[in-house]
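Below is one structure, written out as structure tokens; comments come after it.
Each ligand, and each atom within it, is numbered from 1 in the order the structure gives.
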Amino acid sequence: MSGDGRPVDRAAIERAVEVLAAGGLVAVPTETVYGLAADADSPAAVHAIFAAKGRPNDHPVIVHVLGAQALDAWAGTVTRRARVLAGRFWPGPLTLVLARAARAHDGLTGGQDTVGLRCPAHPWARALLEAWCANRGDPAAALAAPSANSFGRISPTTAAHVRDDLGEKPGGRVDLILDGGACPVGIESTIVDLSRDGPARLLRPGVITRAQLEAVLGEAVVDADATAPRAPGRLAQHYAPRTPLELVAPNALGARVNALRGTRLAVLAPAIALLDWTGDVVLRLIAPAQPEEYARRLYALLHQLDAAGAQRILVAWPPGGVGWEAVRDRLQRAAQ
Ligand code: TXA
Ligand code: MG
């Protein structure tokens with residue numbers, strides 16, 4: 001994993017465990033994005049997450065565990081496919097949606113009969129989970145954590161993003177923000193639904209690609225259908241900057257900028273598509289050429305474009321090829 005990770009601060013982890021034990025909220029870096037963590041076993045603490053984010057109560061939240069040994073504590077039925085995927089991709093940016101066990105209360109599942117389980121790889125998230133399990137005397141102790149942003153806004157990939165959005169108490173809404181540096185993956189985990197018989201269903205694309213999942217399972221991974229568990233990450237408008245964002249074909253960018261003369265623009269496009277035109281552009285950013293780097297920097301770029309004082313953001317569509325599914329998915333949701 002690359003990224004500007006900081007060494008784990010043991011004293012900060014101990015403070016974070018005290019906050020969690022008291023029912024408080026801790027923002028913690030994971031390899032994907034910063035999470036807003038609370039004691040998964042405490043309905044009141046989980047409720048506080050929803051209040052801090054301004055998120056509807058009936059949305060499910062991901063339960064973060066230290067390892068696959070916790071699967072049976074939280075899931076009622078752990079399918080063969082689930083064990084295969086956890087064995088191959090955990091710890092890592094993959095969330096498994098499974099039939100819930102009784103321990104997965106309604107506050108975690110949004111009242112559904114499924115639970116989302118993820119085992120993060122980031123050293124700070126792992127240190128926090130290890131200390132949490134030790135504190136509870138339970139290797140299956142878990143932390144509920146959605147992304148640490150206000151509902152519907154851009155996900156945070158640095159501690160500064162969390163400070164600027166939710167903020168730390170007393171002025172803000174989070175009890176403690178752990179600063180582990182920038183997240184090395186940069187977009188949320190791949191979510192796979194294995195809660196029913198039949199093939200795995202892709203609920204949310206991520207840097208673990210459909211092709212990787214299919215290679216490990218030896219069979220097709222299908223798209224989620226209308227009967228799949230509800231996942232708010234799939235709402236059409238999500239991960240959105242405040243400034244309207246428009247996706248444009250790279251070769252149509254010059255013409256679009258021209259048509260928008262008189263509108264202050266912030267533009268994100270490949271270097272080649274930024275040439276040969278001028279316009280009312282307050283910020284131009286070069287889009288990364290590789291999907292992994294694009295994913296890692298995506299939310300920081302969106303934060304930057306949103307803060308530029310533009311009236312409209314133009315983003316060139318990334319390529320359609322293999323490996324770009326997750327970046328294209330997030331950009332599509334950011335466009336209004
Ligand atoms: O990378 C990630 O997954 C990050 C980090 C913090 O782990 N978390 C994250 O959480 O993205 P959040 O709450 O912003 O998105 C979680 C997604 C939501 O779309 C939620 O509905 C879905 O996971 N989810 C959680 N439990 C589910 C369940 N039981 N059934 C269906 N979807 C579920
Ligand atoms: Mg989120």
Side-chain angles (χ1 to χ4, degrees), residues 25-38 40 46 49-50 52-65 74-76 89-101 104-122 124-126 128-129 142-157 161-162 165-166 178 180 183-196 201-208 224 227-240 295-296 298-299 326 329-330 333-334:
L25 302 181
V26 173
V28 58
T30 82
E31 67 274 34
T32 57
V33 300
Y34 273 68
L36 186 60
V46 173
I49 297 176
F50 288 80
K53 282 180 63 94
R55 187 192 215 204
N57 276 324
D58 62 345
H59 286 194
V61 60
I62 293 176
V63 175
H64 295 69
V65 296
W74 294 96
F89 294 107
W90 280 8
L94 177 68
T95 297
L96 303 176
V97 172
L98 299 170
R100 71 168 160 183
H105 54 86
D106 283 345
L108 297 170
T109 68
Q112 303 184 79
D113 54 8
T114 56
V115 61
L117 295 168
R118 156 154 147 74
C119 170
H122 194 283
W124 282 74
R126 297 202 64 72
L128 184 60
L129 277 165
L143 296 172
S147 51
N149 53 284
S150 305
F151 180 63
R153 302 251 67 97
I154 305 169
S155 298
T157 54
H161 291 158
V162 185
D165 178 359
L166 299 177
L178 297 173
C183 300
V185 169
I187 58 171
E188 299 83 351
S189 58
T190 306
I191 305 183
V192 174
D193 175 21
L194 296 162
S195 63
R196 293 172 295 167
R201 293 177 168 76
L202 189 63
L203 292 184
R204 179 172 73 183
V207 296
I208 293 176
T227 62
R230 286 171 294 119
R234 299 168 62 218
L235 292 178
Q237 190 187 334
H238 210 72
Y239 316 103
R296 181 163 57 77
L298 174 62
Y299 291 137
D329 169 77
R330 299 308 189 281
R333 292 174 201 287

Looking only at distances, can you tell me whether any N or O atom of [X], backbone or side chain, sits closer than 3.5 Å to an N or O atom of ligand 1?
{"X": "Arg204", "answer": "yes"}
{"X": "Ser147", "answer": "yes"}
{"X": "Arg118", "answer": "yes"}
{"X": "Thr114", "answer": "yes"}

Answer yes when Asp113 and Arg196 have at least one side-chain N-carboxylate O distance shorter than 4.0 Å, and no when they do not.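 Looking at Asp113 and Arg196, the cut-off is not met.
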
Are any of the side-chain nitrogens in Arg118 or Glu31 under 4.0 Å away from the carboxylate oxygens of its partner?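 Glu31 and Arg118: salt-bridged.
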
Taking atom 7 (O) of ligand 1 as the point of reference, which of His122, His64, Glu31, His59 owns the nearest heavy atom?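 Nearest option to atom 7 (O) of ligand 1, by heavy atoms: His64.
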
Report yes if some heavy atom in the side chain of Val46 is under 4.5 Å from a heavy atom in the side chain of Val61; otherwise report no. yes

Side chains of Ser147 and Tyr34, heavy atoms from C-beta outward: is any pair under 4.5 Å? no

Nearest 0.5 Å, what's the OG1-NE2 distance between Thr95 and His64?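 Rounded to the nearest 0.5 Å, the OG1-NE2 separation comes out at 6.5 Å.
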
Audit row: His161, Thr157, side chain to side chain contact (heavy atoms under 4.5 Å, CB included) steps and yes/no: CA-CA 7 Å; His161 291 158; Thr157 54; 3.3 Å; yes

Short N/O/S contact of Ser147 with the Mg ion (ligand 2) (below 2.8 Å):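 True for Ser147.
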
Applying a heavy-atom cut-off of 4.0 Å, say which part of [X] lies close to ligand 1: side chain, backbone, both or neither.
{"X": "Ile191", "value": "side chain"}
{"X": "Arg100", "value": "neither"}
{"X": "Arg55", "value": "side chain"}
{"X": "Val97", "value": "side chain"}

Arg100 and Thr109 side chains, donor-acceptor separation under 3.5 Å: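 The criterion, which ignores hydrogens and geometry beyond distance, is satisfied for Arg100 and Thr109.
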
I want to know whether His59 and Phe50 have ring centres closer than 6.0 Å. no

Considering the heavy atoms of [X], write down every atom of ligand 1 situated less than 4.0 Å from one of them.
{"X": "Ser189", "value": "1 (O), 2 (C), 3 (O)"}
{"X": "Thr32", "value": "1 (O), 2 (C), 4 (C), 5 (C)"}
{"X": "Val115", "value": "29 (N)"}

Using atom types as modelled and distance alone, determine if a side-chain donor or acceptor of Thr32 lies under 3.5 Å from a backbone N or O of Val185. no

